[in-house]
S.K.: 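Quick one: structure below, then a few questions.
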There are 2 protein chains.
Amino acid sequence: MSQEIPELNVVGLTSVLERFTRMFIRLPSVQRLSFTTLSVLHTLEGRGPMRLTDLTASEQVTQSAVTQIVTKLEREGLVRRGPDPSDGRAVLVRVTAAGAAIVRGRRADRIAHLSELTDRLSPAEREAVAAALPALTRLVELDRERSGEDGGGRARGGT
Amino acid sequence: MSQEIPELNVVGLTSVLERFTRMFIRLPSVQRLSFTTLSVLHTLEGRGPMRLTDLTASEQVTQSAVTQIVTKLEREGLVRRGPDPSDGRAVLVRVTAAGAAIVRGRRADRIAHLSELTDRLSPAEREAVAAALPALTRLVELDRERSGEDGGGRARGGT
DNA sequence: AGAAACTTAATAAGTTTCTGATACAGTCTG
DNA sequence: CAGACTGTATCAGAAACTTATTAAGTTTCT
């Protein structure tokens, strides 16, 4: 008998991840913040202070839109603009405590929701997911490396 | 010695899934379709013909916005409106071949992108992901069941 | 050093997309 | 069959985004 090699079903994986994407996006927001605005906040919380240019590269909108979003977030006390010591033209944007609290609150909601779901898995299923977590982490890291190569193209997103 | 039980790290899982979400959302779109518009198209392609009300429940916008989005998609030949045989007030929206082609094209891009990434995993890592796929699938199914219970509340999304 | 070329962010004006309120037609209840 | 409710459309206005432009700072080249 030849050995069975269960090859990874990428189509199925894509499908599942698409469905997680919807699940995550649907999360209600307390604040009256638009999708892109929350995304900017999330990026800043995750990656630390960034210049507007770098923020623009990581979102799906123009530099002009990012400027307007940051202005709005600043008015609401969720981010702060500061000078970039290494470049007089640039602006460094950083989240405030209030801004970080919003991102972390949303993450806590997702964790709570996922916890409820994983609680219903069998121990074997939970173990399978736990065993795959390092590999999944490596996948997103590989992606980050690759998109870091080029400047990061403009795009228009959607589910 | 007591047996080591590697419990599932839900926080880590949430974090990884958040990062996949960003990766998927950033995908460039050929057409000039907004985020929500693409989402509607995706929903219709995945779930089959739906009434406007049901579409509204599954997206993060008002019924008014859904009506306008469907009107725009219909003008572009990507969906078609039809009567609901079981309810004279209702409208059944279905994707056309052109609309489905767009959704499937985007999915193909995601599959291709994920394939490139999984190619770089070790065989052991690929196997771990493959082994977890059924459990991950069950997670999204559990979610669907749960959100099917209530009517599906309105929400405002973000990453 | 100084001018030309480039980068960074802000602003203005216009377009698209979304919301809230309302209207209207079809369905259900008593 | 009257009143209450549901499903969709329409309209006006608000919000979010785009393109084009400008001003200020930096780099490059001579």
Side-chain angles (χ1 to χ4, degrees), chain A residues 25-26 28-29 31-41 44 49-76 78-94 151-159, chain B residues 25-26 28-29 31-41 44 49-76 78-94 151-159:
Chain A
I25 286 175
R26 282 215 208 138
S29 157
Q31 313 282 325
R32 286 270 131 191
L33 299 173
S34 78
F35 181 87
T36 310
T37 302
L38 282 168
S39 182
V40 165
L41 215 50
L44 286 172
M50 287 172 80
R51 309 191 311 167
L52 278 184
T53 301
D54 297 334
L55 253 183
T56 300
S58 83
E59 307 295 332
Q60 283 66 52
V61 290
T62 59
Q63 172 264 315
S64 177
V66 171
T67 294
Q68 296 170 60
I69 288 166
V70 166
T71 300
K72 186 190 161 211
L73 285 171
E74 199 174 31
R75 264 200 317 268
E76 300 182 13
L78 303 177
V79 307
R80 233 176 41 226
R81 261 184 252 243
D84 182 343
S86 71
D87 189 336
R89 298 164 295 181
V91 166
L92 274 187
V93 189
R94 67 185 65 231
R154 169 66 52 62
R156 190 126 190 214
T159 302
Chain B
I25 286 175
R26 281 214 208 139
S29 156
Q31 313 281 329
R32 286 270 133 190
L33 300 173
S34 77
F35 182 86
T36 311
T37 303
L38 281 168
S39 182
V40 165
L41 214 51
L44 287 172
M50 288 172 79
R51 308 191 311 168
L52 279 184
T53 301
D54 298 334
L55 254 183
T56 300
S58 83
E59 308 294 332
Q60 282 68 50
V61 289
T62 59
Q63 172 266 315
S64 177
V66 172
T67 295
Q68 295 170 61
I69 287 166
V70 167
T71 300
K72 187 191 160 211
L73 285 172
E74 199 174 30
R75 265 202 315 268
E76 300 182 13
L78 303 178
V79 306
R80 234 173 43 224
R81 259 185 254 244
D84 182 344
S86 71
D87 189 335
R89 299 163 295 182
V91 165
L92 274 186
V93 188
R94 66 185 66 231
R154 168 67 52 63
R156 190 125 189 214
T159 304

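Computed over heavy atoms, backbone and side chain alike; hydrogens, waters and symmetry mates excluded. Fair warning: this is a prediction, and the values are worked out from it, not measured in the lab.
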S.K.: From the set C:dA9, C:dG26, D:dA9, return the single nucleotide nearest to any side-chain atom of A:R51.
M.R.: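 Looking only at side-chain atoms, A:R51 lies closest to C:dA9.
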S.K.: Check whether the side chains of B:T67 and B:S64 place a donor and an acceptor atom closer than 3.5 Å, and report yes or no.
M.R.: no
S.K.: Using only atom types and a distance under 3.5 Å, with no angle test, would you say the side chain of B:S39 pairs donor to acceptor with the backbone of B:F35?
M.R.: no
S.K.: Output yes when a side-chain donor or acceptor of B:E74 lies under 3.5 Å from a complementary backbone atom of B:R81, and no otherwise.
M.R.: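 A pair under 3.5 Å: yes.
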S.K.: State whether the distance check finds a donor on one side and an acceptor on the other, under 3.5 Å, for side chain B:R89 versus base D:dT6.
M.R.: yes
S.K.: What is the distance, to the nearest angstrom, from the CD atom on B:Q63 to the C1' atom on C:dA21?
M.R.: 12 Å
S.K.: Just do the side chain to side chain contact (heavy atoms under 4.5 Å, CB included) check on A:R80 and A:V93 with the steps written out, would you?
M.R.: CA-CA 6 Å; A:R80 233 176 41 226; A:V93 189; over 6 Å; no
S.K.: B:E59 has an atom CD; how far is it from atom P of C:dC18, in whole Å?
M.R.: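 Spelled out: CD on B:E59 to P on C:dC18 is 10 Å.
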S.K.: When all nucleic acid strands are considered with a 4.0 Å heavy-atom cut-off, which category describes B:A65: base, sugar-phosphate, or nothing?
M.R.: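 Here B:A65 touches the bases of the nucleic acid.
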S.K.: Please tell me if B:K72 has a side-chain N or O lying less than 4.0 Å from either OP1 or OP2 of C:dT16.
M.R.: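 Result: no.
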S.K.: Looking at C:dG20, I'd like to know if its phosphate oxygens (OP1 or OP2) sit under 4.0 Å from a side-chain N or O belonging to B:T62.
M.R.: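 No, outside the criterion.
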S.K.: Nearest-Å distance, CG (A:L38) to P (D:dA16)?
M.R.: 11 Å
S.K.: Do you see a donor-acceptor pair shorter than 3.5 Å between the side chains of A:R51 and A:T56?
M.R.: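 No donor-acceptor contact under 3.5 Å links the two side chains.
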S.K.: Looking at D:dA2, which nucleotide sits across from it as a Watson-Crick or G-U wobble partner, both distances under 3.5 angstrom, or is there none?
M.R.: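 Answer to the pairing question: C:dT29, which forms a Watson-Crick or G-U pair with D:dA2.
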S.K.: Categorize A:D84 for me: base, sugar-phosphate, or nothing, with a 4.0 angstrom heavy-atom threshold over every strand shown.
M.R.: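 Contact class for A:D84: none.
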S.K.: Grab the CZ-P distance between B:R81 and D:dT8 for me, whole Å please.
M.R.: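 Interatomic distance, CZ of B:R81 to P of D:dT8: 10 Å.
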S.K.: Tell me whether the side-chain N/O atoms of B:S64 come closer than 4.0 Å to OP1 or OP2 in C:dG20.
M.R.: no
S.K.: Choosing from D:dT8, C:dT17, D:dC17, which nucleotide comes nearest the side chain of B:S34?
M.R.: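 So the nucleotide nearest the side chain must be C:dT17.
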S.K.: Do the side chain of B:Q68 and the base of C:dT19 come within less than 3.5 angstrom through a donor-acceptor pair of N or O atoms?
M.R.: yes
S.K.: To the nearest Å, how far apart are A:M50 CE and C:dA9 P?
M.R.: 11 Å
S.K.: Does C:dA5 have a Watson-Crick or wobble mate here (both distances under 3.5 Å), and if so which one?
M.R.: D:dT26
S.K.: Distance check needed: C:dA10 P versus A:I69 CD1, whole Å only.
M.R.: 13 Å
S.K.: Can you check the B:L33 CG to C:dT17 C1' distance for me, whole Å?
M.R.: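 B:L33 atom CG is separated from C:dT17 atom C1' by 13 Å.
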S.K.: Check the distance between C:dT17's C1' and A:F35's CZ and give it to me in whole angstrom.
M.R.: 15 Å
